K.L.:
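I am attaching a structure below and will ask some questions about it afterwards.
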Amino acid sequence: MKIKNNNNIFVIYLISICLLPIFHGGETVVELFPFICLYFVLTVICLINLKPEQKQKLILIKLPIILQLIWLIYMGLYLIKIPNSILGVLAPLTEQTSSWVRLIDVNELNTLTIAPGVTSIELLKSISYFTFFLLTYLLIDSKSRIIQAITTVFICSGCIALYSLLNHYTSGLYAINSPYLPWQYEWEKVAFGTFSYRNHYALYLVSTIPLGLALIAFEFNKLLKTKLNIKNVIVKSEYMKVIAYLLFTTIMIIALLKTLSRAGIGLFFIEIVFLVLILMFMNKSQYALKQVKVVLFTLLVGGILIAVSGIADDALSRTLNRGFDDSGRETVRNIAMKIIHDSPYIGTGPGTYPTIQHLYKLPELNNMAVWQRPMNDYLELTTSVGLIGIILFMLPTSLLLIKAFTLSKVKQRVITIYMSCLVTLLIYLLYAFVDFIFQLPINNYFFYFFISVALNCQLISTKSKQRRIINL
């Protein structure tokens, strides 16, 4: 399918990333499958219609792409049936528990995974994350598209935050969906957006609030370059944008506080510290220092208003009462460590931790879904794919992160956007230590979204009317 340009694809892409959080972040296969198909089709169309400069862009990340394909092939190997005699050597835990998962004969061929259906779905998701990354990397190829993409994500998050607060103060009067079991929150007590788990919603807010701060700084510095005229304040679109972004950012921060998520709120403050430090010490230009002042002033004004209004009282009360109590996380992490000890190299198959953990779970833990995760994505992935798999997964991901964090000549007008993406990526990596964030598809999509935006910020020429690729 030959196309002259990918403008229509870009519009469809923007619509899709607005719809994804509305459907619980793709929590169920039914909700996720249309997006998997859409991103696959759009990526294929883009690859068929590659332009020379896009081919050059792909060459810059050739090694991570090859390693990512190796990781996907490795996941596929778990679905190949092998003799039980070999299975007992490669994956003894799978061989020992296979009779519990399904009835087999001693001489029957079996897979490395204890649950082929679950692993097949996990493989399909991973392929979709890979295609989404390629699609985003190819589509966001200019400054204007970077601005359009992050503005779309930010406004969508702001609208969901507004929806959350509206339901919070009306006891769910305008709710359009409800959380899946076991999450049964009451709107008047907790804001959870369009998600099931409030910590997932908190991460969604924590990852999108910096975009608002970046957009405020971006628009504010455009104003500094123009002659201020009090009579034109209302009519100038730049002023209106700054006011709108300020309003949305405030609403999102309030919604974050109303989630009562200790990890989310704590990491938000860490995120702001990271953002200020990165702007101050990694880019010491006068432009970057102005951006820091804008960010700090915005947060100071918002913080004073929130403190005076008493909006943060519930979140503060919960934090003081619960402190740093891990809510049983250490118990489930110990379970994961036992599984890794019994099957350290191959694991039990991608996505199979909720299945295998039943053999190790302590009697005091019930069958609620909250106890079916080790509350640490790195541990869960290791139990599923073993040490070999975790290395194969980390190689391409680490290379992409290194490229994203390697400061090259980033255009000054997008420096705050670039820095906000880096900070958000750091928060994702930290949050994964204390919760199961990457088990929700939208968090994987957005993780690769921020990597792609950061990479493309580095690829924008410093000359406004030129678009050439520079080495990372």
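A quick note: this is a predicted structure, and the numbers were derived from the prediction, not measured. Note that these values count all heavy atoms, side chains included, but never hydrogens, waters or copies made by symmetry.
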K.L.:
Give the C-alpha distance, both sets of side-chain angles, the deciding distance and a yes or no for side-chain hydrogen bond (donor to acceptor under 3.5 Å, both in side chains) between Ser144 and Ser142.
P.N.:
CA-CA 5 Å; Ser144 62; Ser142 64; 3.1 Å; yes
K.L.:
Given side chains that start at C-beta, do those of Ile265 and Leu260 come closer than 4.5 Å, heavy atoms only?
P.N.:
no
K.L.:
Backbone N or O of Tyr129 within a donor-acceptor pair of the Asn444 side chain at under 3.5 Å?
P.N.:
no
K.L.:
Please report the C-alpha distance between Glu122 and Thr119 in whole Å, then the side-chain angles of each, then the deciding distance to 0.1 Å, and finally whether the side-chain hydrogen bond (donor to acceptor under 3.5 Å, both in side chains) criterion is met.
P.N.:
CA-CA 5 Å; Glu122 203 66 22; Thr119 298; over 6 Å; no
K.L.:
Under a 3.5 Å distance rule, please check whether Asn177 uses its side chain to pair with a backbone N or O of Ile22 as donor and acceptor.
P.N.:
yes
K.L.:
If you compare all heavy atoms of Thr208 against all heavy atoms of Ser157, which two are closest, and at what distance to 0.1 Å?
P.N.:
OG1-OG, 2.7 Å
K.L.:
Quick one: are Ile80 and Thr111 in side-chain contact, heavy atoms under 4.5 Å?
P.N.:
no
K.L.:
Determine whether a donor-acceptor pair (N or O, by modelled atom type, separation under 3.5 Å) exists between the side chain of Gln357 and the backbone of Pro354.
P.N.:
yes
K.L.:
Between Glu271 and Val423, which heavy-atom pair has the shortest distance, and what is it?
P.N.:
CG-CG1, 3.2 Å
K.L.:
Show, in sequence, the C-alpha distance, side-chain angles and deciding distance for Ser452 and Thr136, and conclude whether the side-chain hydrogen bond (donor to acceptor under 3.5 Å, both in side chains) test is met.
P.N.:
CA-CA 6 Å; Ser452 299; Thr136 306; 4.7 Å; no
K.L.:
Could you measure the distance from the CG atom of Leu430 to the CG atom of Leu267? Nearest 0.5 Å is fine.
P.N.:
6.0 Å
K.L.:
Before you tell me yes or no, could you show the steps for Ser207 and Ile427 under side chain to side chain contact (heavy atoms under 4.5 Å, CB included), namely the whole-Å CA-CA distance, both residues' side-chain angles and the distance that decides it to 0.1 Å?
P.N.:
CA-CA 8 Å; Ser207 65; Ile427 293 303; over 6 Å; no
K.L.:
Would you compute the distance between atom CD of Gln56 and atom CG of Leu58 and round it to the nearest 0.5 angstrom?
P.N.:
9.5 Å
K.L.:
What I'd like to find out is whether the side chain of Ile146 reaches to under 4.5 Å of the side chain of Asn456, using heavy atoms alone.
P.N.:
yes
K.L.:
With rounding to the nearest 0.5 angstrom, report the CD1 to CG distance, Ile270 to Leu426.
P.N.:
10.5 Å
K.L.:
Within the 4.5 Å heavy-atom criterion, are Leu399 and Ile61 side-chain neighbours or not?
P.N.:
no
K.L.:
Could you tell me how the ring of His200 sits relative to the ring of Phe436: parallel (under 30°), tilted (30 to 60°) or perpendicular (over 60°)?
P.N.:
perpendicular
K.L.:
Does any part of the side chain of Tyr360, heavy atoms only, come nearer than 4.5 Å to the side chain of Asp342, both counted from C-beta?
P.N.:
yes
K.L.:
How about Leu20 and Ile17: do any of their side-chain heavy atoms sit closer than 4.5 Å?
P.N.:
no
K.L.:
For Phe35, enumerate each residue passing the ring-ring contact (aromatic ring centres under 6.0 Å, His included) test, keeping only those at least two apart in sequence or located in another chain.
P.N.:
none
K.L.:
Going from CG on Asp435 to CG on Asn199, what distance comes out if it is rounded to the nearest 0.5 angstrom?
P.N.:
4.5 Å
K.L.:
Is it true that a side-chain atom of Asn167 and a backbone atom of Ala191 form a donor plus acceptor pair closer than 3.5 Å?
P.N.:
no
K.L.:
Is Leu392 close to Ile388 at the side-chain level, that is, under 4.5 Å between some pair of heavy atoms?
P.N.:
yes
K.L.:
Could you measure the distance from the CG atom of Leu205 to the OG atom of Ser261? Nearest 0.5 Å is fine.
P.N.:
9.5 Å
K.L.:
If only atom types and distance count, is the side chain of Tyr245 paired as donor or acceptor with the main-chain N or O of Ala217 below 3.5 Å?
P.N.:
no
K.L.:
What do the steps show when you test Ile160 against Cys156 for side chain to side chain contact (heavy atoms under 4.5 Å, CB included), and what is the final call?
P.N.:
CA-CA 6 Å; Ile160 294 177; Cys156 179; 4.2 Å; yes
K.L.:
Side chain to side chain contact (heavy atoms under 4.5 Å, CB included) with Cys37: which residues, sequence neighbours excluded?
P.N.:
Phe33
K.L.:
The test is side chain to side chain contact (heavy atoms under 4.5 Å, CB included); show your working for Phe274 and Met419 and say whether it passes.
P.N.:
CA-CA 9 Å; Phe274 278 168; Met419 297 299 183; over 6 Å; no
K.L.:
Taking Glu27 for its side chain and Pro441 for its backbone only, find out whether a donor-acceptor pair lies under 3.5 Å.
P.N.:
no
K.L.:
Could you tell me if the side chain of Leu60 sits less than 4.5 Å from the side chain of Tyr137, heavy atoms only?
P.N.:
yes
K.L.:
I need the Leu135 CG to Ile9 CD1 distance, nearest 0.5 Å.
P.N.:
7.5 Å
K.L.:
Cation over ring, Arg373 on Tyr353, under 6.0 Å and within 45°?
P.N.:
no
K.L.:
Does any N or O in the side chain of Ser398 come within less than 3.5 Å of the main-chain N or O of Leu395, such that one atom is a donor and the other an acceptor?
P.N.:
no
K.L.:
When the ring planes of Phe446 and Phe450 are compared, do they come out parallel, tilted or perpendicular, using 30° and 60° as the limits?
P.N.:
perpendicular
K.L.:
Applying side-chain hydrogen bond (donor to acceptor under 3.5 Å, both in side chains) to Ser164 and Tyr201, what does each step give before you reach the verdict?
P.N.:
CA-CA 10 Å; Ser164 297; Tyr201 179 51; 3.1 Å; yes
K.L.:
Ignoring hydrogens, what is the shortest heavy-atom contact between Pro374 and Glu380? Give both atom names and the distance.
P.N.:
CD-OE1, 3.2 Å
K.L.:
What's the verdict on ring-ring contact (aromatic ring centres under 6.0 Å, His included) for Tyr378 and Phe393, showing C-alpha distance, side-chain angles and the deciding distance?
P.N.:
CA-CA 11 Å; Tyr378 305 108; Phe393 171 79; 8.7 Å; no
K.L.:
Around atom OH of Tyr180, are there more than 12 heavy atoms from other residues, nucleotides or ligands closer than 6.0 Å?
P.N.:
yes
K.L.:
Please answer whether the main-chain N or O of Phe433 pairs with a side-chain N or O of Asn376 as donor and acceptor at a distance below 3.5 Å.
P.N.:
yes
K.L.:
Okay, side chain of Thr194, backbone of Pro21: is any donor-acceptor separation there less than 3.5 Å?
P.N.:
yes
K.L.:
Which donor-acceptor pairs under 3.5 Å do the side chains of residues 38-45 make with protein atoms, sequence neighbours left out?
P.N.:
residue	atom	partner	partner atom	Å
Tyr39	OH	Ser16	OG	2.9
Thr43	OG1	Tyr39	O	2.6
Thr43	OG1	Thr131	O	3.0

K.L.:
Parallel, tilted or perpendicular: which one describes the rings of Tyr428 and Phe447, with boundaries at 30° and 60°?
P.N.:
perpendicular
K.L.:
Report the C-alpha separation of Thr259 and Phe192 in whole Å, then their side-chain angles, then the decisive distance to 0.1 Å, and conclude whether the side chain to side chain contact (heavy atoms under 4.5 Å, CB included) test is met.
P.N.:
CA-CA 6 Å; Thr259 65; Phe192 50 89; over 6 Å; no
K.L.:
Other residues, nucleotides and ligands only: do more than 12 of their heavy atoms fall within 6.0 Å of CG on Asn7?
P.N.:
yes
K.L.:
How would you list all residue pairs meeting salt bridge (charged side-chain N to carboxylate O under 4.0 Å, His left out) that involve residues 383-401, not counting sequence neighbours?
P.N.:
none
K.L.:
Do any N or O atoms from the side chain of Thr424 and from the backbone of Ser420 form a donor-acceptor pair under 3.5 angstrom?
P.N.:
yes
K.L.:
Please identify which of these residues, Ile415, Ile147, Thr151, meets the side chain to side chain contact (heavy atoms under 4.5 Å, CB included) condition with Phe218.
P.N.:
Ile147
K.L.:
Would you tabulate the side-chain donor-acceptor contacts of residues 64-74 under 3.5 Å, counting partners in other chains and residues two or more places apart, or write 'none'?
P.N.:
residue	atom	partner	partner atom	Å
Tyr74	OH	Tyr78	OH	2.8
Tyr74	OH	Val385	O	3.1

K.L.:
Who passes side chain to side chain contact (heavy atoms under 4.5 Å, CB included) against Lys51, sequence neighbours left out?
P.N.:
Glu53, Gln54
